Amino acid sequence: MLIIMQTEAKPDQIKGVTSKVKLLGFEPHISSGEQRTVIGVVGKDPFTTQDHFLRMPGVDRVIPISRPYKLTSREFIREDSVFPLDGVDIGGRGIVIIAGPCAVEDRGLIIEIAHAVKEAGAHALRGGSFKPRTSPYAFQGHGEKALKWMAEARQATGLPVVTEAMSEEQIELVTHYADVIQIGARNMQNYSLLHAAGASQHPVLLKRGMSSTVEELLMAAEYILSHDNRRVILCERGIRTFENSTRNTTDINAIPVLKEKTHLPVVLDPSHATGNWNYVTAVARAGIAAGADGLIVEVHQEPENALSDGFQSLKPERFAEMVTQIRNIAQAIDRDIAVSSHVSL
Ligand code: PEP
Ligand code: MN
């Protein structure tokens, strides 16, 4: 349930309510908006306790949250959540572009591609150090060595880095080197990983499971937010359908649906959604037109020699063209490419 405080509620009245929430065995989650403070109370059936709060000083009203996800819902936080990723804000008017190879393959390549994507307008660098591969015989990533190379690429370019943690045990290592923890599609419902990512208080990019509904994605995000880690970016990356002319089917509908149901930023991954570099730019344009706050795109200097996902990777020149087109689409809907303190475009 939500306890809506009066606009003129005093700090000690807010404190009084949160203490009462704790006394009753629930966790208070505070959202201090410009107008008013809202206290989210989650746990088993908190609404039965609403009478305890109704007459407390400073309380305006108490309402239930109708959705199964609570802290993730727009009922709890009405405004879009905007937060910084080292030099750039995500979730605001500016479109954020995260780009880089599927996997971090070697030190020289990742540093070179970091410079190339930055030059083309990217705000953050992606690259897998631990790779979730369908086959156990496929390249599994260079692990910590790759994380160190990513950190060097950040040092060289200033770009924040996004990389995947595949298990709870990897969270500590990934947060040591990276700015954003990616949780992959195959791990969207790995609850111990979600809890660990939430507890880390690090920004998280949570990808939609390939056979998961939008509601399941929001429930997965709720695990992270339940630790009061609200720096979560949701990612549509295509879902499994009967259609097999592309690797996955971009659920473009998910973008406006998510923007309606949650305050969290939403990005699209047109690379995994299509599986084919030739369709990436068109689908990226569609995603931005549909209201996505950003993109995560695979870029490789020699896609034909990439150790993973080469077929869906753009060459840097094509990526630069994509960014130009994305800028045009963004401006047509009264947005723009985000301004980053690291990128002088
Ligand atoms: C990736 O980003 O390289 C990746 C493995 O994505 P997904 O988890 O969406 O398949
Ligand atoms: Mn990939």
Side-chain angles (χ1 to χ4, degrees), residues 96-105 109-110 113 117 122 124-136 138-143 146-147 150 160-167 170 174 178-190 193-194 197 203-214 216-217 220-221 224 232-241 246-251 254-255 258 266-277 279-280 283-284 287 292 294-315 319:
V96 171
I97 301 179
I98 305 164
C102 178
V104 179
E105 300 179 5
L109 284 177
I110 191 70
I113 202 75
V117 298
L125 177 68
R126 63 147 289 148
S129 305
F130 300 101
K131 292 305 303 175
R133 304 305 300 279
T134 305
S135 163
F139 173 60
Q140 305 283 312
H142 287 303
L147 289 172
M150 283 287 261
V161 304
V162 181
T163 199
E164 179 163 353
M166 282 170 46
S167 66
Q170 287 170 0
V174 165
D179 300 278
V180 180
I181 307 165
Q182 178 173 321
I183 295 186
R186 292 157 190 79
N187 262 324
M188 191 202 82
Q189 288 179 316
N190 177 338
L193 177 60
L194 295 171
V204 178
L205 186 142
L206 176 63
K207 300 188 91 173
R208 177 179 181 183
M210 58 190 87
S211 304
S212 299
T213 63
V214 164
E216 285 162 345
L217 171 61
I224 303 169
V232 177
I233 305 161
L234 301 175
C235 178
E236 164 60 36
R237 48 77 74 207
I239 51 171
R240 283 272 168 93
T241 68
T246 50
R247 182 176 176 184
N248 291 291
T249 298
T250 311
D251 182 6
I255 296 168
L258 285 166
V266 176
V267 301
L268 173 68
D269 174 347
S271 310
H272 293 85
T274 60
N276 185 331
W277 67 270
Y279 309 140
V280 166
V283 171
L295 297 167
I296 176 164
V297 185
E298 288 186 339
V299 183
H300 195 286
Q301 45 277 74
E302 283 180 16
E304 54 288 2
N305 294 323
L307 295 180
S308 64
D309 287 350
F311 196 64
Q312 65 193 35
S313 299
L314 294 178
K315 289 186 177 163
F319 171 67

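Whatever order the structure lists ligands and atoms in, that order sets their numbers, starting from 1. Note that the structure is a prediction, hence the values are computed from the model and not measured.
Of the protein's non-hydrogen atoms, the one nearest atom 6 (O) of ligand 1 is K207 NZ, 3.0 Å. In terms of protein heavy-atom proximity, atom 4 (C) of ligand 1 is closest to H272 NE2, 3.4 Å.
Close contacts of ligand 1 with R186, meaning ligand atoms under 4.0 Å from a residue heavy atom, involve 7 (P), 8 (O), 10 (O). When each atom of ligand 1 is checked for a heavy atom of C102 under 4.0 Å away, the hits are 3 (O). Taking every non-hydrogen atom of R237 and a distance limit under 4.0 Å, the qualifying atoms of ligand 1 come out as 7 (P), 9 (O), 10 (O). Contact atoms of ligand 1 toward A185: 7 (P), 8 (O), 9 (O) (distance under 4.0 Å to a heavy atom of the residue). Ligand-side atoms of ligand 1 in range of K131: 1 (C), 3 (O), range being under 4.0 angstrom from any heavy atom.
The main-chain N or O of L109 is found under 3.5 Å from a side-chain atom of Q301 such that the two form a donor-acceptor pair. In this structure, the side chain of S271 engages the main chain of E298 through a donor-acceptor pair within 3.5 Å. At distances below 3.5 Å, not a single donor-acceptor pair connects side-chain atoms of N248 with backbone N or O atoms of M210. Distance alone, capped at 3.5 Å, is enough to place a donor-acceptor pair between the R126 side chain and the P101 backbone. Although no hydrogens or angles enter the test, the distance criterion places no donor-acceptor pair under 3.5 Å between the side chain of S212 and the main chain of R208.
No N or O atom of E164 sits closer than 3.5 Å to an N or O atom of ligand 1. Note: no N/O pair closer than 3.5 Å links D269 and ligand 1 by distance alone.
Among P132, G184, G238, P101, the residue whose heavy atom lies closest to atom 5 (C) of ligand 1 is P132.
A salt bridge does not link E164 with K131: none of the charged nitrogens is closer than 4.0 Å to a carboxylate oxygen.
Within the 4.0 Å heavy-atom criterion, neither part of M210 lies near ligand 1.
For Q182, the heavy-atom gap to ligand 1 drops under 4.0 angstrom. Proximity of G128 to ligand 1 is not established, as no heavy-atom distance is less than 4.0 Å.
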Side chain to side chain contact (heavy atoms under 4.5 Å, CB included) assessment of I98 paired with L205: CA-CA 11 Å; I98 305 164; L205 186 142; 3.8 Å; yes

Stepwise side chain to side chain contact (heavy atoms under 4.5 Å, CB included) test for L217 and L258: CA-CA 9 Å; L217 171 61; L258 285 166; 4.0 Å; yes

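In summary, the side chains of D309 and H300 do not present any donor paired with an acceptor at a separation below 3.5 Å, with no hydrogens or angles considered.
Within a 6.0 Å sphere centred on CZ of R240, other residues, nucleotides and ligands contribute 12 heavy atoms or fewer.
By the criterion of a separation under 2.8 Å, the protein N/O/S atoms near the Mn ion (ligand 2) amount to C102 SG, H272 NE2, E298 OE2, D309 OD2.
The shortest side-chain heavy-atom distance between L125 and I110 falls under the 4.5 Å cut-off. For the pair T163 and F130, the minimum side-chain heavy-atom distance is 4.5 Å or more.
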